Amino acid sequence: MKKLLLIPMMTATVATADGYTQADRIQDMQNMAQAMQNIQSGFFYNNIDIIKDGIKVLTATIDNVRPTDEELNSKDIYEQWMNNDLKMTNKIKKKIKNKAQDIEDRFGAGDATQALQAYSKITAQCLNCHIRLRKW
Ligand code: HEC
């Protein structure tokens with residue numbers, strides 16, 4: 001029993017010592033992709049609670065997204081410039097959070113069409129970062 005309790009504590013310690021790693025960011029990305037899928041399911045099942053849950057995960061997770069500690073400490077000037085484009089990153093993050101709120105407000109008010117439009121705008125912002133930052 002004691003052993004089981006120790007595991008989450010150790011995980012938390014390791015995460016703090018490493019700061020924000022690429023593995024953390026990949027995990028955040030996967031959580032956001034899942035949240036987006038859940039929001040979409042909420043549309044189809046006409047279930048505002050599923051939508052709200054997805055939005056909660058999405059907005060909390062996008063807050064974490066940033067250059068990794070390794071990228072911030074990179075000695076390569078070009079890489080630093082690429083990765084530290086925080087102004088763009090913060091702008092995209094803000095847009096995603098605004099549109100997430102829009103989804104909740106619009107769907108809650110019975111306007112599924114506008115909610116879907118806000119959803120597409122979030123998808124566009126996800127790809128905006130992937131294209132501009134990662135050249136994907
Ligand atoms: C600020 C930039 C940025 C934003 C915004 C962003 N991403 Fe990403 N995304 C990345 C980067 C960088 C990677 C590559 C992962 C890495 O190397 O850290 C990535 C990778 C991914 C991956 C692949 C993860 C894997 O398993 O390899 C998924 C899925 C993903 N993003 C989903 C999303 C979704 C969904 C959103 C919008 C809600 C989003 N991303 C918004 C930067 C961003």
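Residue numbers count from 1 along this sequence. If you're wondering where the values come from, they're calculated on a predicted model, not measured in any experiment. In listed order, ligands and their atoms are each counted from 1. In what follows, every heavy atom counts, from backbone to side chain, and hydrogens, waters and symmetry copies are set aside.
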Applying a strict under-4.5 Å side-chain criterion to I, L, V, M, F, W and Y, I'd like to know whether Ile50 and Phe43 cluster together. no
Any donor-acceptor pair under 3.5 Å linking the side-chain atoms of Thr61 with those of Asn64? no
Backbone or side-chain N or O of Arg25 under 3.5 Å from ligand 1 N or O: yes
Both conditions, 6.0 Å and 45 degrees, for the charged tip of Arg66 above the ring of Tyr20: are they met here? yes
Looking at Lys99 and Asp102, does any basic side-chain N land under 4.0 Å from a carboxylate oxygen? yes
What atoms of ligand 1 come within less than 4.0 Å of a heavy atom belonging to Ala33? 29 (C), 35 (C)
Verify, without hydrogens or angle tests, whether Lys93 (side chain) and Val65 (backbone) share a donor-acceptor contact under 3.5 angstrom. yes
Side chain proximity check, Phe107 to Gln114, heavy atoms < 4.5 angstrom: no
Under 4.0 Å to a heavy atom of Leu58 - the qualifying atoms of ligand 1, by number: 38 (C)
Give the numbers and elements of all ligand 1 atoms closer than 4.0 Å to a heavy atom of Ile92. 5 (C)
Run the numbers for me: atoms of ligand 1, each under 4.0 Å from some heavy atom of Gln22, listed by number. 16 (C), 17 (O), 18 (O)
Have a look at atom 8 (Fe) of ligand 1 and estimate, to 10 degrees, the angle subtended by NE2 (His130) and SD (Met29). 180°
Check ligand 1 against Gln30 and write out every atom of the ligand that is under 4.0 Å from a heavy-atom position of the residue. 25 (C), 26 (O)
